[in-house]
Amino acid sequence: MRLTLPCAAVRAATRLLVAPALSPRLPTPVSRALVDLQGRLLPVPRGTRSTSSSLGGRPSVRVSVPGSRDDRPVLFLHGGGYVVGSPASHRSLGAWLAEATGGTVHLLDYRLAPEHPYPAGLDDAERAFRALLDAGYSPQRIALAGDSAGGGLAVALLLRLRAAGLPLPGSVGLISPWLDLDLTDPAIARNTGRDAMLGPGLLRAGKRSYLRGGEAVDPELRPLEADLSGLPPLHVVAGADEVLVGDADRLVERVRAAGGAVTYTRAEGMWHDHVLEAGLLGRAHADLRELGAAIRHDQAERRVRVAVVGAGFGGIGMGVALREDDLADVTVLEKAPQVGGVWRDNTYPGAACDVPSNLYSYSFAPGDWSRRFAPQPDILRYLRTVAADHDLERDIRLCTEVTGATWDDDAAVWRIRTSGGDLEAEALVAACGQLSHPATPDLPGVERFPGPVFHSARWDDTVDLKGKRIAVVGTGASAIQFVPAIAPDAEQVTVFQRSAPYVIPKPDRPYGPRAFSLRFRAWHRTARTFWAGFFEFGALGFTAIRPFASAFGLLHRAQLRLQIPDAGLRERIAPDYPVGCKRVLISSDWFRALARPNVDVVTEKISEVTEEGVVAADGTLHRADVIIFGTGFRTQDFLAPMQVVGREGRELSAEWREGARAHLGITVPGFPNLFLLYGPNTNVGSGSIVHMLECQIRYAREGIRRLATGTRSLEVRPDAATAYDTEMQSRLTDSVWTECVSWYRTDSGRITNNWPGTMLEYRRRTSALDEGEYVTT
């Protein structure tokens, strides 16, 4: 699990705890024990597995995380001045590197000085690399990496392999490499005192031990003077304040001069080997992710063409993730003239999120918010900013509607038809959402009504509602926001209620610049964790622990009694179904709006619409100048109107005739290389869909990584998909959602929209793509 601590705190901890453990004044056994202990205390990603192994006759530790590929090994040579360090001290770095590269990291326990001086450690590294080759790994798919002294070993190993005529690894990652054993670079003196971890004393002591007091004469020990042409791509990370930054600077300069491929991250304000603290320091984590993405890119066998349909939260998040990997050529297809999805389309007065901004945002982009519950303009601006900040705008084709996609099995591509022409892609990601197609009831006579008629998701800003008689059809999540906003200026608002919602208070408040800075920058993760826990409580109340939901019922009734003094009105707007069976709404203004003298609630069904207004089933005419539908969306039409045809001419809407279903809500048998975002059974009755989307994006990205590394097609096995669907429907029968009619269910009663567990469970189940559940070619 990764924490994010202030840079100053990590710097101070490094100076107070890590640097003393490396002091040459300490006995070597004591220093080794302290360094190993500190390494064991560093956090690792969830699901990290460490297995004792051996490579080339030396002990090693194989580190993997969910999703790690065994066929993408990373041979890692740890740092420690050739005297200290071990797989234990570098387990955390190895685990974060495994997550960043998608491969399996092998931490080699090479022999250390002074007991085993040069060339013992280098000999061990060579034998380990040969062992990977002998095991059948393609050299292109092997990465070599090392930090500090391990970085020096890595470069020396490259020179030795090249001299022996052996294959070279496909990629090399170097973190703060120590390359100049003569210690001549001016940065050593310049940055002494600025470097929080390392000083010249340890370097001098390490050199004496490694060379037995001699000088670096062998060419393997002087890589900065060697011929550096013909090497595999090198990716270098160093801190600008570290004493060894000059070594990294000169290496990069020499490789470029030799015509080699090299990238360089020179982190301002960072100290030696800062990437070791990737589990604690945001900058370290970002630098390691960039290094991992570069290694992954080198190991890829091809660039995958990916078409993403939709530029809302799902499509933008997917595009950002794929750009980070740099394994794919991404095209985001958006039918509208701008990005934003539902937050572009829903511009009605009062439009805002009913999930706090801390949780309703990407984990990698906290955002700037004006309120705890962000209004629509904030969210739309946020999505545009994320797309711009990650240079995604050039990959988005606006005003391009996808009309169909057909799988070509011979070519293993999707042939996609759009309003702007046809295109091909190896992978298709549908990020259309569940709330994109407004549901408008077919009311008899509505075509005769002379005034404006529109749905809340297609708000007509040209209509002036001041002084108007407004008929509002529906009492869903949109209506409870726009009715309080328009009621004060209207002559009369008549709300036609088919089913009364449960409404709990909305603990909203504005954020000022200072509050934003403190809360969202320093405490964003704390607030995100709190709200996640709050909504997980609700999710359990709707599914596994039903009594938990009673708390929402108590809040609803308390607010109803406080804000509606009229007992008759309270009775009319009291829900007649268990709390949570339909979406629980959040508002502190809805009941106050209904209590206004110019607002009326009609519970009779609508019989027809006339030129004068809306007629209820009891014959009463409710005069109106404007009719607004707050009737939600066609949530069962997951990909409509797009026609998707898979293997053997199978059409997806036909496959879903009895209700949509997908493995983990993401993949469907018979439709290779197709990934759904916000697909069947992924909606949360309580929680943040953005959290769910990030889980799906991570899972889909894992599938696309498989395609980049040689897999031609990836298709979920029918038995795996059936077993998952059977489990979902069995669990859903015990949920509160079976006890009423709602948009979560089909006409036959099948629940196709909701996830029957917690967000935490979904994250765990989508943390890795299980290849045993898939057929690959």
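In what follows, every heavy atom counts, from backbone to side chain, and hydrogens, waters and symmetry copies are set aside. A quick note: this is a predicted structure, and the numbers were derived from the prediction, not measured.
- Of all the heavy atoms in Ile689 and Asn683, the pair that sits closest is CD1-CA, 4.5 Å.
- In summary, the side chains of Gln481 and Tyr348 do present a donor paired with an acceptor at a separation below 3.5 Å, with no hydrogens or angles considered.
- Distance alone, capped at 3.5 Å, places no donor-acceptor pair between the Asp378 side chain and the Ala374 backbone.
- Taking the six-membered ring for Trp and thresholds of 30 and 60 degrees, Phe313 and Tyr382 have ring planes inclined between 30 and 60 degrees apart.
- No donor-acceptor pair under 3.5 Å is formed between the side chain of Thr631 and the backbone N or O of Gly474.
- Annotation: Arg561, atom CZ; neighbour count of heavy atoms from other residues, nucleotides and ligands within 6.0 Å does not exceed 12.
- Asp600 and Thr494 are not linked by any side-chain donor-acceptor pair at a separation below 3.5 angstrom, with hydrogens and angles left out of the test.
- The backbone N or O of Pro680 sits nowhere less than 3.5 Å from a side-chain atom of Thr752 that would complete a donor-acceptor pair.
- Of all heavy-atom pairs between Lys506 and Cys353, the closest is NZ-O, 3.6 Å.
- Smallest separation of non-hydrogen atoms from Ala485 and Gly350: CB-N, 4.1 Å.
- Every residue two or more places apart in sequence or in another chain was checked for a side-chain hydrogen bond (donor to acceptor under 3.5 Å, both in side chains) with Arg592, and none qualifies.
- A salt bridge links Glu608 to Arg448: at least one charged side-chain nitrogen sits closer than 4.0 Å to a carboxylate oxygen.
- Within the structure, ring pair (Phe, Tyr, Trp, His ring centres under 6.0 Å) pairs that include any residue of residues 586-616 comprise His556-Phe591 (at least two apart or interchain).
- In this structure, SG on Cys695 lies 12.5 Å from CZ on Arg765, to the nearest 0.5 angstrom.
- For the pair Trp737 and Arg745, the tightest heavy-atom approach, listed with the atom from each and the gap, is O-CD, 3.3 Å.
- Listed by chain and residue number, Arg557 satisfy the side chain to side chain contact (heavy atoms under 4.5 Å, CB included) test with Leu554 (two or more places apart in sequence, or in another chain).
- Contact detail for Arg661 and Gly659: the closest heavy-atom pair is NE-O, 3.5 Å.
- Within 6.0 Å of CD in Glu571 there are 12 or fewer heavy atoms belonging to other residues, nucleotides or ligands.
- A donor-acceptor contact shorter than 3.5 Å links the side chain of Asp508 to the backbone of Phe373.
- A distance of 10.0 Å separates OG1 in Thr475 from CD1 in Ile573, rounded to the nearest 0.5 Å.
- Asp345 contributes no side-chain N or O that, together with a main-chain N or O of Ala457, makes up a donor-acceptor pair within less than 3.5 Å.
- At least one donor-acceptor pair closer than 3.5 Å links the side chain of Arg372 to the backbone N or O of Pro507.
- Summarising the geometry of Ile564 relative to Ala595, their closest heavy-atom pair is CD1-CB, 3.9 Å, with the distance given to 0.1 Å.
- Checked for salt-bridge contact, Glu761 and Arg731 meet the test: a charged N lies under 4.0 Å from a carboxylate O.
- A 4.5 Å side-chain heavy-atom check between Thr738 and Leu732 finds every atom pair outside the cut-off.
- Open room surrounds CZ on Arg498; 12 or fewer heavy atoms of other groups in view lie less than 6.0 Å from it.
- One finds no salt bridge joining Asp618 and Lys605 here, because no Lys/Arg side-chain nitrogen approaches an Asp/Glu carboxylate oxygen to under 4.0 Å.
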Exercise answer: donor-acceptor pairs, residues 461-471 side-chain atoms, under 3.5 Å, sequence neighbours excluded:
unit_1	atom_1	unit_2	atom_2	d
Thr462	OG1	Asp460	OD1	2.4
Thr462	OG1	Asp460	OD2	3.4
Asp464	OD1	Lys466	N	3.1
Lys468	NZ	Asp464	O	3.0
Arg469	NE	Asp625	OD2	3.3
Arg469	NH2	Asp625	OD1	2.9

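- In terms of the ring-ring contact (aromatic ring centres under 6.0 Å, His included) criterion, Phe629 has no residue partners (sequence neighbours excluded).
- Side-chain atoms of Thr682 do not come within 3.5 Å of backbone N or O of Gly665 as any donor-acceptor pair.
- Within the 4.5 Å cutoff, the side chain of Tyr511 has no heavy atoms near those of the Asp368 side chain.
- No side-chain donor from either of Asp589 and Ser587 sits under 3.5 Å from a side-chain acceptor of the other.
- Salt-bridge check for Arg583 with Asp354: passed, with a basic side-chain N closer than 4.0 Å to an acidic carboxylate O.
- For the pair Arg381 and Trp369, the cation-pi criterion (under 6.0 Å, within 45° of the ring axis) is not fulfilled.
- In this structure, Asn598 contributes its side chain and Asp489 its backbone to no donor-acceptor pair below 3.5 Å.
- Under the 3.5 Å distance criterion, the side-chain polar atoms of Thr620 are left unmatched by any main-chain donor or acceptor of Ala616.
- Under the 3.5 Å distance criterion, the side-chain polar atoms of Glu334 are left unmatched by any main-chain donor or acceptor of Gly340.
- Partners of Phe364 by ring-ring contact (aromatic ring centres under 6.0 Å, His included), not counting sequence neighbours, listed by chain and number: Tyr362, His390.
- Electrostatic pairing of Glu491 and Arg623 does not count as a salt bridge here, judged by no charged N lying under 4.0 Å from a carboxylate O.
- A distance of 5.0 Å separates SG in Cys7 from CG in Leu281, rounded to the nearest 0.5 Å.
- In this structure, Lys582 is not positioned above the aromatic face of Tyr502 in the sense of NZ or CZ being under 6.0 Å from the six-membered ring centre and within 45° of the axis.
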